Every structure is written in C-alpha cells, then in structure tokens.
**Q** 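Just passing along the structure, written as structure tokens.
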Amino acid sequence: MLERVKKLIEEVNSFNSTNVDEIETFRIKFLGSKGLLKELFAEFKNVPNEQKKEFGQTINTLKKLAEDKVSSLKETIENSKEEKGIYGDLTRPSELIDLGSRHPISIVKNKIIDVFNRIGFTISEGPEIEDDWHNFTALNLPEYHPARDMQDTFFINENLDTLLRTHTSSVQVRHMENNQPPIRTISPGRVFRNEDISARAHCIFHQVEGLYIDTDVSFADLKQTLLYFTKEMFGKSKIRLRPSYFPFTEPSAEVDIYWGLETETDYKITKGTGWLEIMGCGMVDPNVLKNCNIDPEKYSGYAFGMGIERIAMLLYQIPDIRMFYENDVRFLKQFKSVI
Ligand code: PHE
C-alpha cells in the first residue's frame, strides 16, 4: 500500500504540461471527487494501526504535492500569456495584407471594351441622372409613347422629366449631338429600372451599348460585328437574330447566343433551352438621327445594347444576379483579371 503511494508521489513529481486540458485531467485523477486521494483516504481505516502514522503522512504529502503541482503549472500558463501581452512576439513576420481584386462586372466590362476597341470603337460616357429628352424623346419615344412602359423608370422629380437612366442609349444621343459621323462608340455604364429583384433581374445593372454611324452602313455590317464580338468574347459563334421591336431602331432584333447545356447552371440561366438572349440591336431609326442633327439621307447606322451582368453570369457560371451586389469577399475574391 505504502509502495503504491510512493509510486504516485513519483508520478506527481514527474508530471509536466503546458496544456490546460492535460492539467485538468491530472487534477481530476488525483484530486477530483472520485480521485485517487479520495480512494486512499478511504483505505486509511483498513491500514494496520502501527502503520497508520506513516501512511497518513505519506498520503498527506501526496495531496499537498498534487495541489502544488496543479497550481504551479496553471500559474506558468498564466504568466506566459501575460508575457506575450497585447503585442505578442514583435520579431515575428507580419501578416499578409489581403489584396483586393477587380469586381467581376468590371472585368467583363473591360473585356467587352477591349473587344470593341480593337475594331475602332471609342468609349463615351454620360450622366446617370438623365433628362427625358436624352433617355426617351430623342430616341423616338415621345411623351405617351406606349413603349415607355417597357422600361420601368425611376423618376426623381414630380414633373417626371428627370430620371435615372434606363439604358445607356442616352449617352449615344449626347454623343451624336456633339459629333458628326463617322461615329463608332460604345457606352458602358450603370442603368436603373424599377424591376422586381430576382435571381435573373435587378433594379440596378450595367450595360454596354454600341453605335456605328457612317455612309452605307447596313444590317450585314451589324451582323458581322456581332459575330466578331461573340467569337472574341465567348469563343463561340453560333448566334441567332430574332425580329424584335425597339422604338429607336428599325428593323430591330434580339441576339441569342447558343451556349449549350453542359452544366446545371447552363440549364438554369438558359431556362433549359441552351440559348441565351444577350443583346438587343437594330438599324438606327432615321427619326433618331434627325433628332440628333444627323442627316438620315446621307447616313445610316446600327446600334446594339447588352447587359454586362448577363454576360458575366454566362462566362463565370454565376446562377444568381444578386451575388454581384452582395459584396461577399468570398465571392469577389474568386475573380482574377489582367485587364
Ligand atoms: N437600349 C436597349 C435596352 O436597354 C438596348 C438596345 C440598344 C436595343 C440599341 C437596340 C439597339 O434594352
């Protein structure tokens, strides 16, 4: 019996740890309510009388040693924490600074700009708060024209003549007012429409619209430019043009690109058809040219407009447009770009 207690004393003496959990396990083993010391004290009554004195002293020693051990190890841990203090080790290497990355909308916008720059298009920009003339009237959408309803507008005054632009066609009007053909320009920018927010639509989004005006510009030129664009942008050139209506172009068409149905996201964003509408286009209506002081007898032109979000969703397989505006860094960090 005495031998066993002496072994335990050795065990206590040799125990060492800086781990809080290990120290606690040690404490429970020796000093806990069902621990070894409890057990040994209970044994006391069975010890022969002549040994009682020595046995009693030895287990008391064991108890004291175990208690001292626990408190000194705990103290060591506390002290080492204090030493580190708030500054920690001043010689350690610094933490890496997180570098920001370009927003996917900017990456795609820059890519579109790059594709059109290569065939001579310049960039034009204009205000996001527009007047009625540049957003609607000059574009062959006079007051009370039913097609105004196509673009759910955020008006910002009571006269309903100042608004958040619903498309960047307004920039093209400004450009035509200030420049004579030949005109080759694209206008990227933010636009606003009072639409219900869903996985496919948002009330704020981005567009790139293009305008080409010169003598003898034909629908064939438009089609060829679209083919060039889809090839450069997506590496695919299966497109289709569906007759459509825009007040500012005649004839008008909608451009679909065949993307395929390889992934689940493809299904989702193409509604299971494999085709995705990527832009509207058409030959600039002579009335629009007239409104902007360009002679429609002499000049003709084409125009097109696309949503950047839609193209980014296609390129990066993003299933929900809302992700662009949530600013979740885990989402944003995934996009790397050279432009
Ligand atoms: N402005 C149109 C829109 O926002 C797009 C478009 C531009 C269509 C040019 C035809 C020609 O929906």
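Atoms within a ligand are numbered from 1 in the order they appear, just like the ligands themselves. Nothing here was measured: the structure is a model prediction, and the numbers come from that model. Quick note: residue numbers are just sequence positions, from 1.
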**Q** Which of the atoms of ligand 1 are close to C281, meaning less than 4.0 Å from one of its heavy atoms?
**A** 8 (C), 10 (C), 11 (C)
**Q** May I ask whether Y302 places a heavy atom under 4.0 Å from ligand 1?
**A** no
**Q** Check whether E209 reaches the backbone of P188 with its side chain - one donor and one acceptor, N or O, closer than 3.5 Å.
**A** no
**Q** Measure the CE-CD1 distance between M323 and I321 for me, rounded to the nearest 0.5 Å.
**A** 11.5 Å
**Q** Tell me if the centroids of the rings in F116 and Y228 come within less than 6.0 Å of each other.
**A** no
**Q** Counting only heavy atoms, which portion of A303 has something under 4.0 Å from ligand 1: side chain, backbone, both, or neither?
**A** both
**Q** Might you work through the side chain to side chain contact (heavy atoms under 4.5 Å, CB included) test for F30 and L8, ending with a clear yes or no?
**A** CA-CA 9 Å; F30 284 89; L8 290 173; 4.1 Å; yes
**Q** To which of G280, A253, S187, P247 does the heavy atom nearest atom 8 (C) of ligand 1 belong?
**A** G280
**Q** Between D161 and N157, is there a side-chain donor-acceptor contact under 3.5 Å, judged purely by atom types and distance?
**A** yes
**Q** Please could you name the atoms of ligand 1 that F246 approaches to less than 4.0 Å, counting only its heavy atoms?
**A** 8 (C), 10 (C)
**Q** Among all protein heavy atoms, pick out the one at the shortest distance from atom 1 (N) of ligand 1; state its residue, atom name and that distance to 0.1 Å.
**A** E209 OE2, 2.8 Å
**Q** Could you see which bit of E254 sits under 4.0 Å from ligand 1, with heavy atoms only: side chain, backbone, both or neither?
**A** neither
**Q** Short list, please: which atoms of ligand 1 are under 4.0 Å from a heavy atom of T249?
**A** 11 (C)
**Q** Do me a favour and list the nearest non-hydrogen protein atom to atom 12 (O) of ligand 1 with residue, atom name and distance?
**A** R193 NH2, 3.6 Å
**Q** Fit a plane to each ring of F324 and F331, take the angle between them on a 0 to 90° scale, and name the class: parallel (under 30°), tilted (30 to 60°) or perpendicular (over 60°).
**A** perpendicular
**Q** For S252, which part has a heavy atom under 4.0 Å from ligand 1: side chain, backbone, both, or neither?
**A** neither
**Q** Among F219, Y212, F246, whose ring pair (Phe, Tyr, Trp, His ring centres under 6.0 Å) with Y302 holds?
**A** Y212
**Q** Please check if the distance between the ring centroids of F335 and H103 is under 6.0 Å.
**A** no
**Q** Select one of side chain, backbone, both or neither to describe which atoms of M279 lie under 4.0 Å from any atom of ligand 1, heavy atoms only.
**A** neither
**Q** Heavy atoms only, cut-off 4.0 Å: how does F304 contact ligand 1, side chain, backbone, both, or neither?
**A** backbone
